Amino acid sequence: MTYTAPLDDMRFVLDEIAGLSEIAGMPGYEDATPDLVDAVLGEAGRLASEVLAPLNHSGDREGLGFENGVVRTPKGFREAYQQYVESGWNSLPFDPDYGGQGLPWALSTAVTEMWNAANMSFALCPLLNQGAVDLLETHATEEQKQTYLTKLISGEWTGTMNLTEPQAGSDVGALKTKAERNGDHYLITGQKIYITWGEHDYTDNIVHLVLARLPDAPAGTKGISLFIVPKFLVNADGTAGPRNDLRCVSLEHKLGVHASPTCVMAYGDNGGAVGYLVGEENNGMACMFTMMNNARLAVGMQGVAIADRAYQQATAFARDRVQSRAIGSSDPKATAIIQHPDVRRMLMTMRAGTEAMRCIAYLNAAEIDRAHRHPDATVRAKSDARANLLTPITKGWATELGCNLTSLGVQIHGGMGFIEETGAAQHYRDARILPIYEGTTGIQALDLLTRKLLRDGGETARGLIEEMLETMAQVSASEDTRVSTLAAPTIEQIRSLAKSTESLLKTGAEDMVTAAAAATPYLNLFGTVVGGWLLCKSALTASAKLASGEGNSLFYDAKIKTARFYLDNILPQASGYAAAIEGAESVMAMDEAQF
């Protein structure tokens, strides 16, 4: 099945939801002109559809080769990566001082969607590398930046994230990997698991970012340090030198993303892998959170991407698959299943959910741009807080919804969806990891509750709710009745979100166990309502475009219809999430022996 990047929709969301034209006026982003943005999106779409997408199914079927610690990627993957690097795609949002192009994160996020929709296994390597670059740009010394950043930004080398160990998954503080001081470096010993793209044949060096504990470190996360541990040590001239004391022990056999190596890594089997401290000793988690937050937004974007890929395939199948006569028709001739109401319902659910997720993810990225570059310090602080609030929602809600929508894609295919040759099952299998890695949905929900809501007393959440209500006043005042009638149900759910927010602020101060039991319903409530708000905002803009006779009328008309469907069929789920928050005490009611 082919993939075509939804460029019109991407550009609409970048312009009307993310505010890309405003971002392009900020210091450092002046190169993001409309012509350049169109060129970037268009060329990325071509690489995604013509090079990456054709490898998706074959890579899934072929899988990876592994022998004597060497990983071989599927046919065509290495060549595709070289084309990706030679075209400069890896450098898009990064610092020009180290070879980056300095373009907005919002634009880079749209491009990231294309890579992941076309071929998620392939895209996971650049995704982790992007996070490694962000971390080093923020926390590395100048010497470390000069040594590693240029080649990581170009994609000549790639980066990884090494947190998890057999006994230390979400509880990172339980890790046992050791770091011993040894002159100007450290010696790292231990084992890491689930290391995405920890070994591969794309590049001649891999830069591992490894969490480890010093002998005299405090217990828990307060005693974790972060180290650069390259596969090959770096010579003075910047080339790859002697092999470091690390190796890939084995590859995991997974449900999906079969062309992406998930490695068990051993460090220090022969005395210790050379590592270089990033930041201060015992401050590794603070540094690693930069990479984790970058990855969480990117993984949320993967939820959008895989849902869109599944939607495109399901729509094409529904147009071609002829089965049964149309309901209510006297014509006995069988019709394409896209004419059947229940198939329409599923397709509209996929479309509306994907568009809502895309709006949230692009807005999230745009707030990061504002936090970095807006000339007003007050706006930067507000945008930083809002980006932090949206990140767990983007990651948690979009990945959960992505799983649900790829499942609908299988359902639309019927029995053929359960057969591997159509590719629908692959999208479902690939999507299933997304709510798990980079922090499970439950962890994202606790992050939203504790670090975002409770920490600032609800200030950022209230500010976003106020902005949503201001938008809905404009929607309500629209002269287009198709738009104005969107206001009432959306306002009702925004007020429900406000009520649940205040309730959780109170509960969190009094009973953290009950508040934690309500955290995931709260995350889903927040995502569902913000998605509805942004689709209403899209419909308001689309109506104005239609009134002025501007652009593609079918495109703008579809925006209004999609918002209507979302409000009628998806937004009502918010009431269930609000009810679950109110009834959170029942989560802990059972005695453990009763399970």
Side-chain angles (χ1 to χ4, degrees), residues 69 125 127-141 144-145 147-149 152 157-182 184-200 203 205-215 217 220-234 240 242-250 261-292 294-295 437-438:
C125 185
L127 186 154
L128 268 298
N129 189 32
Q130 173 180 288
V133 170
D134 195 17
L135 185 155
L136 293 175
E137 280 189 339
T138 306
H139 301 287
T141 65
Q144 290 170 341
K145 291 178 182 180
T147 302
Y148 298 102
L149 269 185
L152 287 172
W157 295 349
T158 63
T160 72
M161 179 193 301
N162 284 242
L163 287 79
T164 308
E165 300 178 9
Q167 79 294 336
S170 300
D171 183 12
V172 180
L175 66 81
K176 296 180 179 179
T177 298
K178 297 178 181 178
E180 297 275 355
R181 301 177 186 88
N182 188 41
D184 65 350
H185 61 269
Y186 297 73
L187 295 177
I188 312 299
T189 56
Q191 185 183 84
K192 297 290 183 178
I193 63 173
Y194 304 154
I195 308 308
T196 302
W197 287 90
E199 176 61 35
H200 57 77
T203 64
N205 206 0
I206 302 170
V207 180
H208 300 285
L209 294 171
V210 182
L211 291 179
R213 189 182 301 280
L214 292 162
T221 56
K222 293 181 179 179
I224 294 175
S225 300
L226 176 65
F227 302 89
I228 298 170
V229 188
K231 177 181 175 180
F232 289 93
L233 301 178
V234 182
R243 177 71 186 251
N244 208 350
D245 185 11
L246 60 92
R247 64 191 177 97
C248 176
V249 178
S250 64
T262 302
C263 303
V264 177
M265 300 295 298
Y267 291 90
D269 286 351
N270 297 300
V274 173
Y276 304 95
L277 182 70
V278 180
E280 298 177 353
E281 290 185 354
N282 305 324
N283 196 41
M285 282 305 298
C287 297
M288 186 57 84
F289 261 109
T290 298
M291 186 172 186
M292 289 169 65
N294 183 296
Y437 65 12
E438 301 309 331

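Being a predicted model, the structure only gives us computed values, none of them experimental. Numbers here are sequence positions counted from 1.
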Check your understanding: Is Glu199 close to Pro261 at the side-chain level, that is, under 4.5 Å between some pair of heavy atoms?
Key -> no
**Study point:** Side-chain donor/acceptor of Asn270 to backbone N/O of Asp245, under 3.5 Å
**Key:** no
Review point. Can any side-chain N or O of Lys145 pair as donor or acceptor with the backbone N or O of Leu136 at less than 3.5 Å?
Key: no
Point to revise | Derivation and outcome, side-chain contact (heavy atoms from CB on, under 4.5 Å), residues Ile228 and Thr147 | key: CA-CA 11 Å; Ile228 298 170; Thr147 302; over 6 Å; no
Revision key, fill the gap. Residues passing the side chain to side chain donor-acceptor pair (under 3.5 Å) test with Asn129, sequence neighbours excluded, are none
Check your understanding: Pick one: which of Thr158, Thr196, Thr160 meets side-chain contact (heavy atoms from CB on, under 4.5 Å) with Leu128?
Key -> Thr196
Exercise for review: Calculate, to the nearest 0.5 Å, the distance between atoms CZ and CG belonging to Phe289 and Asn294 respectively.
Suggested key: 14.0 Å
Point to revise | Flag if over 12 foreign heavy atoms under 6.0 Å of OH, Tyr194 | key: no
Review point. Yes or no on side-chain contact (heavy atoms from CB on, under 4.5 Å) for Phe227 and Asn162, after CA distance, side-chain angles and deciding distance?
Key: CA-CA 10 Å; Phe227 302 89; Asn162 284 242; over 6 Å; no
Review point. Roughly how far, to the nearest 0.5 Å, is CD1 of Ile206 from SG of Cys248?
Key: 9.0 Å
Exercise for review: Would you name the heavy atoms of Val229 and Val210 that are closest together and state the gap between them?
Suggested key: CG2-CG2, 3.7 Å
Review point. Leu209 and Met288: which non-hydrogen atoms are nearest, and at how many Å?
Key: O-CE, 3.9 Å
**Study point:** Reported NZ-to-CD distance for the pair Lys176 and Glu165, which is rounded to 0.5 angstrom
**Key:** 8.5 Å
Practice item. Quick one: do Lys178 and Arg213 satisfy side-chain contact (heavy atoms from CB on, under 4.5 Å)? Show the steps, please. Key: CA-CA 5 Å; Lys178 297 178 181 178; Arg213 189 182 301 280; over 6 Å; no
**Study point:** Closest contact, heavy atoms only, Ala266 versus Val249
**Key:** CB-CG2, 3.5 Å
Review point. Looking at side-chain heavy atoms only, is the closest gap between Tyr437 and Thr262 below 4.5 Å?
Key: no
Counting only pairs under 3.5 Å, give me each side-chain donor-acceptor contact of residues 276-287, with atom names and distances, residues two or more places apart or in other chains.
residue, atom, partner, partner atom, Å
Glu281, OE1, Arg181, NH2, 2.8
Glu281, OE2, Arg181, NE, 2.9
Glu281, OE2, Tyr186, OH, 2.7

Review point. How about His139 and Leu226: do any of their side-chain heavy atoms sit closer than 4.5 Å?
Key: no
Study note, to complete from the structure: Value for CE (Met291) from CD (Gln130), rounded to nearest 0.5 Å, stands at 9.5 Å
Practice item. Taking all non-hydrogen atoms of both residues into account, name the closest pair between Ala295 and Met161 and its distance. Key: CB-CE, 4.2 Å
Practice item. Could you grab the distance from atom NZ of Lys231 to atom CG of Asn244, nearest 0.5 Å is fine? Key: 11.5 Å
Revision key, fill the gap. In short, His200 meets Cys125 closest at the heavy-atom pair NE2-SG, 4.3 Å
**Study point:** Reported NE2-to-CD1 distance for the pair His208 and Ile195, which is rounded to 0.5 angstrom
**Key:** 8.5 Å
Exercise for review: Heavy atoms only: give me the nearest Ala240-Asn205 pair and the separation to one decimal.
Suggested key: CB-ND2, 4.3 Å
Point to revise | Test side-chain contact (heavy atoms from CB on, under 4.5 Å) applied to Thr177 and Leu211, step by step | key: CA-CA 7 Å; Thr177 298; Leu211 291 179; over 6 Å; no
